Structures are given as C-alpha cells and as structure tokens.
Amino acid sequence: MSSTTPPRPIDVTAIFPQLAPMARTATRLHPRPGAPSPHDSSVGGPLLWPADEPWPYCDGPHEWDGLNEVLSPADIRLQREIRAAVAARRAGGTHPPHHTPEERALEERISAGQPWPEGPVAMLPVAQLFARDVPLLKAPGNADADLLQVLWCPFDHPDHPRTALYWRSSATISDSLAVQPAPPALQFPGYLPEPCLLTPEEVTEYPNPLELSKDDQQQLKDPTRWRQAGSGWDDAYGVAADEFYRNLLSTAPGWKAGGWTRWGLTDPMPRRCSTCGTDMDPLLTIASREWNSSTTSWIPLEDQADAISSPASAQPSHPTLLDLARGYDLQLHMCPASPEHPHLELIQ
Ligand SMILES: [Zn+2]
Ligand SMILES: [Zn+2]
C-alpha cells in the first residue's frame, strides 16, 4: 500500500527563486486504520517497549472541570463501533430507528462515564516511528537512535494532552513489554487514537507566508507574478494570491514529521529552547484531520475516490479519530542541540 501526494500545480521556485533555499523535506505519515505490531511504525499502536523499563505515568494535576464525563478506552472503542454501525445503516437508507435497543442501552451505559481517575495515569501510545520508515528522524547527538516513541497523558495540561518522547535504539530491545498499561479513562474520546499503520511519503515544503519577509509576502499577493506560471495557476485565487501559496504550495496538511511549522490559530511566534535558547525544529505534527476544505489538493491519489463517496463517519480524512482543541493539530518541536532539552508543544 502507498500514498501519493499529487504533484504541486506550480514549481514555486520558478516564480519566486528566493524561496529555493527554504525548501524543506517533510514526511507525510498517512495513517490508515490497521493492526500494527510493536515492530511497526504506527499511530495508536503497541510500542516496542523494553520489558524491564517502567511504563510512564503522569502525576497530574488532573482536576475535574465538571463539564463532561470521562470514558474508558474500551468504552470509547465500543461507542465508535456503534456509531459506525448506525452511520452505515443511515447511509444505506434503512428506516429509523438506526440504533438497535441493545446499542441504545450500551450508549446510555457508556455516556454515564467513569470515575475521575485518582492518582497517576498511565500514558497512552500516540505514535512510534522507525527511522527505516522516516529517514529524516534523527536524535541530535545519538546516532544509534532509530526509534521515536510518543506517548501522552489523555487529560488537558491545561489545554491539550501532555506528551512524553523517547528515543531508542531498537536493536537493544530484545524483550518487548507484552502487556502495556492503559489509562483508566480519557478526558475526551478524541484523545484516543485508532490503531493505524503508516505509508510514509516525503514531500517538499516551504514556510507559511507569515514566516517570510514583508517584501516576499507582498510579492506572493501579486497575481501578475503568478500568472507567469501558466496553466498551474488558479485565477479564482486572484484576489488572495498568497492563499494559493499557503493552501497548495507551503505546508502539507495532516500527520507529518519534519518540514515547516503550520500556523493557523495564531501568527508565527518564536520557538526557542527553554534550556539553551536555540531555535527549535518541527519534529512531529499530530493532526486532527488529514486535510480540510482548503487543502484538498493534498489528498493522496489513492484516497481521492473515497474522499468524495464516503459518509462522514468513514472519511479517509479522519483515520485516527483524534480531535485536538476542536480540530487543530499538536505540533511537537525539538531542540537541535540535545534530545535531553524539553520539547515544545504547539497547538495550531
Ligand atoms: Zn496528566
Ligand atoms: Zn536546547
């Protein structure tokens, strides 16, 4: 299986040669629901975790906001199964009621929730990436590390889950932990990633327009420059030519490693290491969606038919079923000087 981003409609460096030195490689991860093993790169799959190493727990604080019930991982999965079955009946045109009586009873039992957890919470596997699948992954100063593992505590700290990163040499793990602890509950169902396999693909990215100089930003807004590109240019963007650049040519949507920071919730801000002050690099983008209505040009060729025909509940744009901060992304940045320096979590 593979995922292929359609070629960009324009080689942006042919019109704006000053962008050429800013080209960066990003690896789109293209998560797809599956059954990953601890030896696969995955989202939401089991980790290759040393059997003799303690599993990480989060000490909180986890303070109940009184706004919603918390659900167990098993109940979230059951709720997803029921909702997928109901959506399939609805899409198939069967008459209501679309829930069976058993499903309705289960939904009621699930929605009553679980007790708010007392004490430390087991962290949840979010992603595991092997360098053989994502070659651009490198732990600064640790040439042996070929495996990045990301876990999170599925409670807000204070606005999103708190992440923990582990770099490992996979060759040193002879005995992998068979039974991996799980949190008793999650603050939101959207914090539980569906197990997914990855079909990584390298693409070229350029900075968000707001990270360019004022002069370059002005040039990007000039449709006469873009018209020189010929048929690849879409004149519907004539009144906002820089949007053409932003949506189609700068940063890829969805899960990715490396590349440029995506901005959307706020304007760009400095991302400096809290230990040494070095500018930090984008490491991993954990995305709520693989694309949205402004980034459809990035839909992989293999997904285009499903993206048109699938019901909302089975959209290939939402394979992980994650939902962060109402549809935004959590972008992890790391200090290029040392993997020991704390990473940065950015919601955009
Ligand atoms: Zn926590
Ligand atoms: Zn640093």
Side-chain angles (χ1 to χ4, degrees), residues 24 43-44 47 49 53-76 113-128 136-143 145 148-168 180-193 257-261 268-286 288 320 322-326 328-347:
R24 280 190 193 170
V43 165
L47 302 181
W49 192 269
E53 185 176 312
W55 190 260
Y57 282 73
C58 177
D59 289 328
H62 305 120
E63 283 161 20
W64 191 43
D65 58 12
L67 294 179
N68 62 293
E69 304 298 336
V70 299
L71 306 187
S72 69
D75 279 352
I76 294 169
Q114 299 288 324
W116 189 262
E118 301 282 342
V121 167
M123 295 189 84
L124 188 73
V126 174
Q128 141 167 307
L136 61 75
L137 276 184
K138 286 187 183 66
N142 183 356
L148 170 65
Q149 294 171 330
V150 180
L151 300 92
W152 69 26
C153 166
F155 286 82
D156 281 346
H157 286 277
D159 303 320
H160 54 76
R162 172 188 286 166
T163 53
L165 309 185
Y166 294 83
W167 292 95
R168 302 185 185 282
Q180 308 194 342
L186 291 79
Q187 189 162 357
F188 299 104
Y191 290 172
L192 182 69
W260 283 92
T261 305
M269 57 182 107
R271 287 132 289 154
R272 299 220 173 83
C273 173
S274 60
T275 300
C276 72
T278 305
D279 282 332
M280 301 178 90
D281 296 325
L283 175 67
L284 176 68
T285 299
I286 298 166
S288 290
T320 63
L322 288 183
D323 189 20
L324 292 163
R326 296 200 179 88
Y328 286 95
D329 301 336
L330 181 59
Q331 301 182 64
L332 307 183
H333 291 66
M334 74 174 301
C335 174
S338 169
E340 304 297 322
H341 294 177
H343 65 284
L344 176 87
E345 298 166 335
L346 180 69
I347 285 275

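Each ligand, and each atom within it, is numbered from 1 in the order the structure gives. Everything quoted here is computed from the prediction, not taken from an experiment.
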Answer whether the closest heavy-atom distance between the side chains of Cys335 and Thr275 falls below 4.5 Å. no
Do the side chains of Asp279 and Arg272 get close enough for a salt bridge, i.e. N-O under 4.0 angstrom? yes
To the nearest 10°, what's the angle at the Zn ion (ligand 2) between atoms SG (Cys335) and SG (Cys276)? 110°
Those residues that, when tested against Asp281, pass salt bridge (charged side-chain N to carboxylate O under 4.0 Å, His left out) (two or more places apart): none
Within-2.8 Å protein N/O/S contacts of the Zn ion (ligand 1): Cys58 SG, His62 NE2, Cys153 SG, His157 NE2
Of all N, O or S atoms in His341, identify the one at the shortest distance from the Zn ion (ligand 2). ND1
Please name all residues satisfying salt bridge (charged side-chain N to carboxylate O under 4.0 Å, His left out) with Glu53, sequence neighbours left out, ordered by chain then number. Arg168
Measure the acute angle between the ring planes of Trp116 and Trp64, then classify it against the limits of 30° and 60° as parallel, tilted or perpendicular. tilted
Residue pair Trp152 / Ile286, side-chain heavy-atom distance below 4.5 Å: yes
Would you please name every residue forming a salt bridge (charged side-chain N to carboxylate O under 4.0 Å, His left out) with Arg24, sequence neighbours left out? none
